[in-house]
Amino acid sequence: MIRKIVYAIFAAIIVIALVMFFAAYPFGANKMAVGTYYLNHGVAQTGAANIVTSVVLDYRGFDTLGEVSVLFAAAAGVAILFFMLGIGKKERENLTKPNFVVRVGSRIIFPFILLFGTYIFVHGHLTPGGGFQGGSIIASGFLLLYLSYPGTRVNRGGLSIIEGLAGLTFVVLGLWGLFTPTDSFLYNFLPKGLFNTLVSAGILPIIYIAIGFKVASEFAGIVDDMMCEVICRGGEK
Amino acid sequence: MSVLNWIYIAMVSVAVILSVVRMIKGPDITDRVVALDVFTTITVALFVFFAMIFDRYIYIDVALVYGLLSFIGVLVIARFIERGF
Amino acid sequence: MILVSWILIVLMIGLAVLSIELKNLIAAVVAMGAVSLIISLLFLLLQAPDVAMAEASIGAALTMAIYIIGVRETERSEK
Amino acid sequence: MIYYVGSFLLIAIGLYAVIVKKNLIKILIGLNLIASGVNLLIISVGYIKGGTAPIFSRAGLNAKMMVDPIPQALTLTAIVIDASELALAVAFVVLLYRHYKTLDIKKIRSLKW
């Protein structure tokens with residue numbers, strides 16, 4: 001009973017506060033000065049056609065570095081917790097084998113998922129998409145592989161090497177900017193190239209490809225931890 | 001928008017509402033999973049329609065993502081129901 | 001377009017209520033996936049294709065798989 | 001305007017699930033609903049009437065007719081972070097279930113209030 005009363009008070013306070021706050025900001029009006037500046041000068045300053053990409057990687061690149069490290073911390077936490085859980089692992093029997101249609105269909109569709117994810121994060125500065133989206137698409141492809149062929153495992157050593165190299169690329173490209181005449185972290189020092197072509201926008205495509213590999217390997221690691229806790233028995237804990 | 005687009009909007013809206021009704025009513029879990037699959041298939045058409053209405057053809061990439069990945073989301077639940085993993 | 005967004009938001013609220021009121025946890029997760037799909041459509045209506053693609057690629061398979069594995073390891077229904 | 005109302009209702013439904021429900025998986029679903037509602041709210045604040053996406057992919061577009069890019073850049077990473085935090089939370093729930101053999105937070109002693 002007391003929970004319901006507390007909830008009613010909380011909900012009233014929160015809804016009243018939200019309505020009072022957003023009464024001053026009507027829907028559909030132009031509100032921000034910073035966004036207008038980025039839209040007017042973003043193409044000349046970064047060379048990317050997608051302004052969201054240039055905000056994520058160039059103007060706010062340091063925030064993205066922090067968020068990638070939060071992602072790494074979460075993946076490491078999942079790995080540690082499932083390693084602890086694996087001690088008292090219980091056996092499962094009477095598992096159903098995957099159907100013939102599922103096996104053949106997933107074998108056909110898996111390379112296309114990898115190709116589509118690669119397309120998404122290579123074209124991150126031209127079309128919607130980028131490293132985060134492409135990485136999670138590739139991880140979904142690995143999930144499909146786990147579902148249709150039980151007992152498979154990805155190579156964890158290879159995953160950690162890819163992840164480390166991708167993070168190292170991001171940090172080294174950022175530190176390189178300190179040695180250019182502008183002395184700033186994550187400075188876009190490469191030539192901008194021809195606008196709206198694949199090789200343009202300086203270091204932004206390289207960083208997005210690195211983020212794509214990093215996100216893909218982290219989510220594949222999470223899927224591997226969670227599925228192998230169920231599927232894979234025997235071998236190492 | 002022309003008359004043809006309004007007819008299209010009406011038909012897709014009715015289809016979406018019917019699949020959601022099945023998801024609310026469905027007595028069993030399998031009914032709800034099939035309703036989710038139908039809903040995804042209709043919604044891919046809706047994504048392409050929005051790309052046509054807004055005159056930005058790069059929006060079709062979002063429809064491609066759902067067309068490739070919705071299969072996996074249904075497969076997870078199907079394999080769970082038949083005690084697969 | 002405003003009519004389409006009305007329909008989608010009403011359906012989204014209905015599915016959200018459904019996903020927290022169902023006793024069977026698998027059915028609740030299925031309703032949660034439908035909510036994620038409608039939110040992706042709304043992002044595209046608000047002219048944000050990047051965010052719509054992120055929500056699509058996360059919510060279509062990965063979120064559902066994580067919930068299902070959690071339910072598989074614990075109990076199937078809420079008492 | 002309907003977008004504001006929808007996201008407020010989504011946040012309220014999520015808060016209801018977090019406070020009133022007793023099942024741990026239901027509480028996680030409520031947290032996910034709150035995150036989706038907040039993302040929808042931030043994106044709808046950045047919308048400008050009649051605008052199009054901030055991507056200069058074809059000729060004939062100028063900066064006057066585009067929506068605000070900063071809320072989109074903020075929510076883009078928040079969605080990915082949400083999914084990984086969800087995986088961490090599910091791992092904690094499985095650990096609690098192995099220890100207490102229940103998902104009811106009334107029966108888990110250290111979480112009672």
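Predicted model only: the values in this text are computed from it and were never measured.
Among the candidates Ala56(C), Gly33(C), Gly59(C), Gly14(C), the residue making the largest number of heavy-atom pairs closer than 4.5 Å to chain B is Ala56(C). For the set Ile72(B), Asp31(B), Val65(B), Ile53(B), the entry with the most heavy-atom pairs within less than 4.5 Å of chain C is Val65(B). Contact count versus chain C (heavy atoms, under 4.5 Å) is highest, among Phe71(B), Phe50(B), Phe39(B), for Phe50(B). The most heavy-atom pairs under 4.5 Å with chain B, out of Asn24(C), Ile38(C), Leu41(C), come from Leu41(C).
Neither the backbone nor the side chain of Ser19(B) has a heavy atom closer than 4.5 Å to any heavy atom of chain C. Within the 4.5 angstrom heavy-atom criterion, atoms from both the backbone and the side chain of Ser36(C) approach chain B. Using a 4.5 Å cut-off between heavy atoms, Leu69(B) contacts chain C through both its backbone and its side chain. Only the side chain of Val4(C) comes within contact range of chain B, judged by heavy atoms closer than 4.5 Å. If you measure heavy-atom distances from Ile26(C) to chain B, the contacts under 4.5 Å come from both the backbone and the side chain. Contact of Leu36(B) with chain C is made through the side chain alone, with heavy-atom distances under 4.5 Å. Interface residue Ser40(C): backbone and side-chain heavy atoms are both found under 4.5 Å from chain B.
Atom-to-atom distance recorded for Ser70(B):OG and Leu37(C):CG is 8.5 Å, nearest 0.5 angstrom. Here the CD1-CD1 distance, from Ile68(C) to Ile77(B), works out to 5.0 Å after rounding to the nearest 0.5 Å. Interatomic distance, Leu8(C) CG to Thr43(B) OG1, rounded to the nearest 0.5 Å: 8.5 Å. Note that CG of Leu18(C) and CE of Met23(B) are 8.0 Å apart. Values are rounded to the nearest 0.5 Å.
Arg32(B) is listed as a side-chain neighbour of Leu22(C), based on a closest heavy-atom distance under 4.5 Å. In this structure, the side chains of Val16(B) and Ile7(C) stay at 4.5 Å or more apart for every pair of heavy atoms.
Taking non-hydrogen atoms and a 4.5 Å limit, the residue list of residues 44-55 of chain C in contact with chain B, ordered by number, reads Leu44(C), Leu45(C), Gln47(C), Pro49(C), Ala52(C), Met53(C).
Met52(B) CE: more than 12 foreign heavy atoms inside a 6.0 Å radius.
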